[in-house]
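Quick note on labels: first sequence line is chain A, next is B, and so on, each numbered from 1.
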Protein chains: 2
Amino acid sequence: MERRPTLHDVAGEAGVSAKTVSRVLNGDGPVAAATRERVLAAVRRLGFRPNLMARSIRTGGPDSTVGLVLPDLGNPFFGALAGGVEEAVRGRGLTVLLGCSGGDGAREAEVVGAFLARRTSALLVVPSGGRPGGGPGSRPGSRPGGRPGGEPLAAARAAGVPLVYLDRPGPGADCVVSSNRAGAREGVAHLLGAGHRRVGFLGDLPASMYTRRERLAGWREALAAAGLPAPAELVAGARTVAEAERATLALLARPAPPTALFASNVTAATGAVLALGRSGRRDVALLSFDDLPLAEVLDPPLSAVAQDPALLGATAARLALARLDGDATPPRTETVPTRLVLRAARG
Amino acid sequence: MERRPTLHDVAGEAGVSAKTVSRVLNGDGPVAAATRERVLAAVRRLGFRPNLMARSIRTGGPDSTVGLVLPDLGNPFFGALAGGVEEAVRGRGLTVLLGCSGGDGAREAEVVGAFLARRTSALLVVPSGGRPGGGPGSRPGSRPGGRPGGEPLAAARAAGVPLVYLDRPGPGADCVVSSNRAGAREGVAHLLGAGHRRVGFLGDLPASMYTRRERLAGWREALAAAGLPAPAELVAGARTVAEAERATLALLARPAPPTALFASNVTAATGAVLALGRSGRRDVALLSFDDLPLAEVLDPPLSAVAQDPALLGATAARLALARLDGDATPPRTETVPTRLVLRAARG
DNA sequence: GTGAAAGCGCTAACAG
DNA sequence: CTGTTAGCGCTTTCAC
């Protein structure tokens with residue numbers, strides 16, 4: 001119950017040297033079958049577990065962990081993403097070290113620093129965007145003091161630790177993102193294909209952050225491809241569900257109101273559903289970016305451009321592992337496709 | 001870009017001994033202001049970061065990580081829980097080590113073993129229930145070979161590593177759970193208070209697993225308190241959304257159908273919402289255990305017994321930290337209250 | 001086949 | 001105030 005047994009304790013118990021125990025445990029050199037049995041028995045008797053930290057220290061290699069920095073675990077998107085990383089990494093005997101930045105650049109820097117100090121073998125980061133206390137409204141490069149977490153991330157690269165940016169691109173490193181633009185374009189195109197000529201855009205504004213910018217661009221591209229204008233009157237910003245609800249009503253109260261809405265995130269979609277439901281507007285089509293768990297039980301059911309957060313995480317993990325395996329090609333961006341989930345009105 | 005700088009490199013660069021650098025970094029002994037500056041400058045110049053593993057090894061203390069074992073990160077409940085743990089633990093300079101058991105006892109044992117080998121300072125575990133490949137249907141102690149993950153968890157205790165079971169109680173250790181029974185009772189009591197006499201129970205069966213058993217008991221207790229019977233005809237089992245949908249319809253097709261339903265988990269609730277919506281039964285009241293993000297946009301809106309997964313995680317973390325601080329009182333169970341969220345029909 | 005020594009990066013214990 | 005020595009638990013190197 002006191003000190004945990006060490007290699008030496010096992011060696012003593014088995015009447016061999018420490019090195020022999022080490023050999024048995026790592027399948028290293030040749031060991032006589034009888035000796036091996038004796039050692040194994042001693043290991044079991046003492047409940048010995050080799051100290052991984054000591055091993056890492058001696059071998060000089062990185063620790064068998066992968067650092068994952070997320071803005072917010074409360075968001076199911078990031079939870080699923082973490083699950084994807086864990087699963088992809090487990091097969092290699094690696095464990096996930098988890099940190100939350102809260103969308104704050106300073107905290108991100110702290111967490112990355114701590115991970116580097118632990119000699120994490122790779123770093124997967126959803127960049128905070130850098131506004132201290134940032135969160136949803138954050139904006140890249142907007143912090144007075146320069147790039148957020150920029151220094152530790154630079155340190156990561158300097159230390160030769162593979163770094164992959166997740167969900168949003170970062171400077172000069174690998175990165176894995178959803179097909180925000182193409183997905184949004186496809187979703188809006190579907191609404192246009194159903195005959196709509198005025199499709200409103202509901203989302204977080206200003207669209208300075210990567211995902212927002214891309215989704216807005218996708219909306220624009222779809223309209224342009226159909227030869228339609230993308231007037232500012234069709235665009236409404238909202239950060240909260242309540243704001244989105246109001247924005248939806250405002251959009252519909254305009255002179256030439258949209259006949260369909262594209263909600264570019266979950267919050268916007270929730271507000272829109274609420275607004276349409278409460279005002280009894282069942283004639284307005286709604287499609288959202290990022291699927292909602294209960295989308296199919298809504299009335300009318302909500303079609304969506306679904307992301308695959310777990311695949312996002314798994315892809316990032318694989319990229320990092322490839323780097324660990326020596327892949328030294330220039331940094332690349334991998335795009336994980338979205339999927340258009342169409343849900344029909346109830347029969 | 002090659003080898004990371006060590007304490008020695010810094011010492012050389014600053015023209016002092018390794019120990020002095022160590023002193024500066026840890027605020028240990030007294031150091032002359034001038035020397036300190038010189039060392040700090042060298043540290044910055046070299047981009048030195050102390051190797052936490054080496055430190056832990058030397059000090060003999062546990063690693064500054066807390067192991068968290070979850071069944072499934074895809075489930076938002078567990079994501080939020082992880083967030084609560086991370087936040088509670090960060091203030092102490094600890095990092096979360098994340099592992100997924102997939103609800104499988106064997107994998108749980110593996111993960112716990114790996115964490116123990118890393119010298120994690122505490123272990124927070126949502127017990128898998130032990131059925132290999134277990135998941136939703138798992139049942140404690142049902143595995144032929146005996147208690148699942150039991151051996152490593154015993155090892156944890158033997159090694160003196162604080163162990164806290166989360167969401168479900170485990171044998172002989174601290175544990176933090178939601179008030180499943182009281183919450184369910186309160187929810188059902190609310191339905192009874194609204195005048196309902198026959199309240200159906202929809203959930204995962206058999207109710208051998210802790211949370212299921214407790215919620216079913218809560219339903220029974222509420223009925224008993226109102227002097228009502230709890231006949232088997234009012235209970236329906238369902239593991240999937242589709243099953244829950246069918247089960248709901250079956251329940252409502254019985255001779256003396258329930259006028260209200262208590263869905264004891266998210267899956268059951270989703271199926272019930274679907275069934276009620278599709279069959280146009282707006283006369284049946286529905287209340288669920290575990291809140292849904294979109295509950296308020298449903299029509300009719302869904303009342304719920306809300307859990308607080310983040311608080312669950314934070315509470316478990318605090319318990320573990322108290323143990324680390326020397327709290328040696330007997331194992332205790334902490335119950336995190338649920339909250340009844342009533343949502344009115346739309347105006 | 002096996003063991004003895006050295007050393008990974010760091011800090012405790014004693015010097016000076 | 002600062003440096004030296006020793007050693008954490010393990011693996012590497014080289015000897016037997």
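Distance check: B:Tyr165 OH to B:Leu124 CG gives 12.0 Å after rounding to the nearest 0.5 Å.
The separation between A:Leu7 atom CG and C:dG7 atom P is 20 Å, rounded to whole Å. For B:Leu46 and C:dG9, the CG to C1' distance is 15 Å, given to the nearest whole Å. Between the CD1 atom of B:Ile57 and the P atom of C:dC8 there is a distance of 14 Å, given to the nearest Å. For the pair A:Asn26 CG and D:dC10 P, the interatomic distance rounds to 10 Å; values are reported in whole Å. Rounded to an integer number of Å, the gap from CG of A:Asp9 to P of D:dG9 is 8 Å. Summarising the geometry, the separation between CE on B:Met53 and C1' on C:dG7 is reported as 15 Å, rounded to the nearest angstrom. Going from atom CZ of B:Arg118 over to atom P of D:dC10 covers 14 Å, rounded to whole Å. Atom CZ in B:Arg55 sits about 18 Å away from atom C1' in D:dG9, given to the nearest Å.
Using a 4.5 Å cut-off on side-chain heavy atoms (C-beta onward), B:Thr329 and B:Arg323 make contact.
Between the base of C:dG3 and the side chain of A:Arg23 there is a donor-acceptor pair shorter than 3.5 Å. Within 3.5 Å, a donor on the side chain of A:Arg58 pairs with an acceptor on the base of C:dG7, or the reverse.
Atom CD of B:Glu13 has more than 12 heavy atoms from other residues, nucleotides or ligands within 6.0 Å.
There is no side-chain donor-acceptor pair under 3.5 Å between A:Asn51 and A:Arg4.
Side-chain N/O atoms of B:Ser22 include one lying less than 4.0 angstrom from OP1 or OP2 on C:dT11. Applying the 4.0 Å criterion to OP1 and OP2 of D:dG9, one finds that A:Thr6 has every side-chain N and O outside that range. OP1 or OP2 of C:dC8 has not a single side-chain nitrogen or oxygen of B:Asn51 nearer than 4.0 Å. B:Thr20 has a side-chain polar atom (N or O) that falls below the 4.0 Å cut-off from OP1 or OP2 of D:dG3. Of the side-chain N and O atoms in B:Ser17, none sit less than 4.0 angstrom from OP1 or OP2 of D:dT4.
Here the side chain of B:Lys19 is nearest to one of D:dT12, C:dG9, C:dA13, namely C:dA13.
Map A:Leu25 and B:Gly60 each onto its nearest nucleotide of DNA chain D; the residue landing nearer the 5' end is B:Gly60. Heavy-atom distances to DNA chain D give each of B:Gly15 and B:Ala54 a nearest nucleotide, and the one nearer the 5′ end belongs to B:Gly15.
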Next item on the list: Would you check, one step at a time, whether the test side-chain contact (heavy atoms from CB on, under 4.5 Å) holds for A:Asp63 with A:Leu97?
Entry: CA-CA 11 Å; A:Asp63 186 26; A:Leu97 214 45; 5.6 Å; no
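Counting non-hydrogen atoms under 4.0 angstrom, B:Ser56 reaches nothing in the nucleic acid.
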